[in-house]
Amino acid sequence: MKKILFFLIAAVAIIACGNAGTETEKKPTSKARTASATPPKADGKKIYKQYCITCHGLYGDMGASGAANLTESKLTVEERIQVITNGRKTMAAFKSLLNEEKIEAVAKYTMELTKNDEEEE
Ligand code: HEC
């Protein structure tokens, strides 16, 4: 019985804190900074999550629409840039959506996805 009560109180406290947190978390400094700063280097991970997980999945191994398993890909960064830029079979070309810098960033990010299984080379 006591356990349940404690859990309830804890849950309410967490919810309450969560709401309060989002309300008061308006840090004027960070907001000003994002508005004025020029965009930093392209974030490959962010781009990947935005454009690639629909087919490749969060970890690169989902294989939807016959997508290549990026965790097992043997391609070099340059070759990946080629595939991402110009597309291949069902994979769309991204050159109209992403600039060179972004394509390079996301290609590098896919290299990270491959790391788990790289010993054999
Ligand atoms: C519409 C689904 C789809 C989306 C979205 C997609 N891909 Fe693909 N991708 C594929 C398919 C299908 C292949 C395999 C092409 C083939 O068999 O020639 C592939 C192949 C690749 C390859 C080659 C891997 C290898 O070893 O041959 C890379 C690298 C790649 N995708 C990266 C990306 C990146 C990065 C993005 C996001 C910018 C992305 N893909 C978005 C479907 C997709």
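Just so you know, ligand 1 is whichever comes first in the structure, and atom 1 is the first atom listed for that ligand.
- Between T71 atom OG1 and M62 atom CE the span is 13.0 Å, to the nearest 0.5 Å.
- Which parts of ligand 1 touch S65 is read off a 4.0 Å heavy-atom cut-off, strictly below it: atoms 12 (C).
- Note: F94 and Y51 have perpendicular aromatic rings, judged against thresholds of 30 and 60 degrees for the angle between ring planes.
- To the nearest 0.5 Å, atom NE2 of residue H56 and atom CG of residue D61 are 11.0 Å apart.
- Scanning all heavy atoms of the two residues, the minimum distance from A67 to C55 falls at CB-O, 3.6 Å.
- Closest non-hydrogen pair, G44 versus V106, comes out as O-CG2, 3.6 Å.
- Protein nitrogen, oxygen and sulfur atoms, that is N, O or S, within less than 2.8 Å of atom 8 (Fe) of ligand 1 amount to 2.
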Checklist entry - Taking it one step at a time, do E104 and K108 satisfy salt bridge (charged side-chain N to carboxylate O under 4.0 Å, His left out)? => result CA-CA 6 Å; E104 196 185 319; K108 280 183 182 153; 2.9 Å; yes
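- Heavy-atom contacts of T110 reach the following atoms of ligand 1: 35 (C) (cutoff under 4.0 Å).
- Side-chain contact check for M91 versus I84: some heavy-atom pair is nearer than 4.5 Å.
- Nearest non-hydrogen protein atom to atom 29 (C) of ligand 1 is R80 CG, 3.5 Å.
- Expressed to the nearest 0.5 Å, how far CG of L113 lies from OH of Y48 amounts to 5.0 Å.
- Under a 4.0 Å criterion applied to the non-hydrogen atoms of T54, ligand 1 contributes the atoms 5 (C).
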Identify all side-chain donor-acceptor contacts of residues 75-82 below 3.5 Å with residues at least two apart in sequence or on another chain.
| from | atom 1 | to | atom 2 | distance (Å) |
| --- | --- | --- | --- | --- |
| T76 | OG1 | E79 | N | 3.2 |
| T76 | OG1 | E79 | OE1 | 3.3 |
| E79 | OE1 | T76 | N | 2.8 |
| R80 | NE | L75 | O | 3.1 |
| R80 | NH1 | T110 | O | 3.1 |
| R80 | NH1 | T110 | OG1 | 3.1 |
| R80 | NH1 | T114 | OG1 | 3.1 |
| R80 | NH2 | S73 | O | 3.4 |
| R80 | NH2 | S73 | OG | 3.3 |
| R80 | NH2 | L75 | O | 3.3 |
| R80 | NH2 | T114 | OG1 | 3.2 |
| Q82 | OE1 | N86 | ND2 | 3.1 |

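- Distance from atom 17 (O) of ligand 1 to its nearest protein heavy atom, with residue and atom name: K89 CD, 3.7 Å.
- Heavy-atom contacts of L75 reach the following atoms of ligand 1: 23 (C), 24 (C), 25 (C), 26 (O), 27 (O) (cutoff under 4.0 Å).
- Distance from atom 5 (C) of ligand 1 to its nearest protein heavy atom, with residue and atom name: Y51 O, 3.4 Å.
- The protein atom (non-hydrogen) at minimum distance from atom 12 (C) of ligand 1 is T90 OG1, 3.1 Å.
- Counting protein heavy atoms only, atom 26 (O) of ligand 1 is closest to S73 OG, 2.5 Å.
- A chain of hydrophobic side-chain contacts below 4.5 Å, direct or via other Ile, Leu, Val, Met, Phe, Trp or Tyr residues, connects M111 to L98.
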